[in-house]
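For reference, the structure is listed below as structure tokens.
Whatever order the structure lists them in is the order used to number ligands and atoms, beginning at 1. Keep in mind that this is a model prediction, so the values were computed, not measured. Position 1 is the first residue of the sequence; numbering continues from there.
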Amino acid sequence: MTLTLTNIGKTFADGTRAVRPTDLSVAEGEIVSLLGPSGCGKTTLLRMIAGLENPDAGGQIRFGDSDVTSQPVERRQVGMVFQSYALFPNMSLRANVGYGLKMQKLPRAELDARVEEVLALCRLEPYAERAVTALSGGQRQRVALARAIAPRPRVLLLDEPLSALDASLRDALRDELAELLRRFNITAIFVTHDQTEALAIADRVAVMQAGRIEQIGAPELLYRQPASRFVAEFVGDAMALEGRREGTSLQMRNGAVALPDAGAGHLPYVRAENIQISHTGPVSARVEAVTFLGTHYRVALSGLGDNMLYCTHQGDSAPRVGSEVRLAIPTAGIMMLPRSQESAR
Ligand code: ATP
């Protein structure tokens, strides 16, 4: 089922413009993540797709060829998964998963077969007869997902489904969830404020700010070619490079680096992993702090401009705090981003 939003906006009764008029097309079986800071309008957009909130006049929501804009939530056949599982505590796991199918008045044999299939795919069979109150957080969220998937929804909407789980469970369930959605070929919208989650699960990520989609694209594209400073800083760890432009070189306090070609309205940005500590590097900096993060060290560097820069460093040992290091910043690792947010759109 494809999903098409045309000119969908939301102004609440108190005047809050939660979502500016937005267009979005989601292909059949595609997973699109809405990513953005708190209050940017992600949940409101999701609730309008679900039918829990009416969009402003002039907007249209289509599922495939049918216009569902004025259809109530119960007729839209959407599946929903929330952070707070929202399971029926007095029912067994099996009864929870079968609930939507029962509402659809599916014949008993078909209902049982469908529940078995979903339980197996979600690896929940061993717990099928348990009360949901006797399950762990991760198991409960798998039940919530199974319950949403079982009625074969036209569109599946997920609102921060993993945020209540602890870090390791979240990572495991994240991969499982992506695999399940793909196996069922479900068209899904996944709301999150966690960039790693969005990049890992989605086919395309829509980065939202102040009620607008700033940029939408494949995870690699967003990361490597952010359209604005906001996207660069929100997805990954990007910092402005300070200095004086002289043609295509940037004169920093302690040396110069070569910039990619770009118009005067663009400023150089760099990600921490693209700054390398190297004896032959053209600029020097002072090591202010070193943090060990397992796979790498994160090194805070001063002296390049007014702000601290950070680089990632791999190896058995980190540079000493207080020492001077030389840095290489390869031109290919520098992103030239529009100076103003407006010009990015
Ligand atoms: P979070 O990640 O914190 O859940 P969000 O991106 O999902 O944030 P929304 O919940 O969509 O953001 O809210 C967008 C804006 O609309 C916020 O400024 C919020 O305060 C406002 N808002 C949400 N619901 C209402 C409402 N019923 N009446 C008035 N304003 C609302």
Quiz item: cation-pi between R147 and F88, 6.0 Å / 45°: yes
Shortest non-hydrogen separation from R271 to M239 and the atoms involved: C-CE, 4.0 Å
Side-chain donor/acceptor of S249 to backbone N/O of V257, under 3.5 Å: no
Y223: partners by side-chain hydrogen bond (donor to acceptor under 3.5 Å, both in side chains), with sequence neighbours left out: E273
Every residue of the protein that comes under 4.0 Å of ligand 1, judged on heavy atoms: F12, D14, T16, A18, P37, S38, G39, C40, G41, K42, T43, T44
Any side-chain heavy-atom pair of R182 and I31 under 4.5 Å: yes
R212 bridged to E214 by N-O distance under 4.0 Å: no
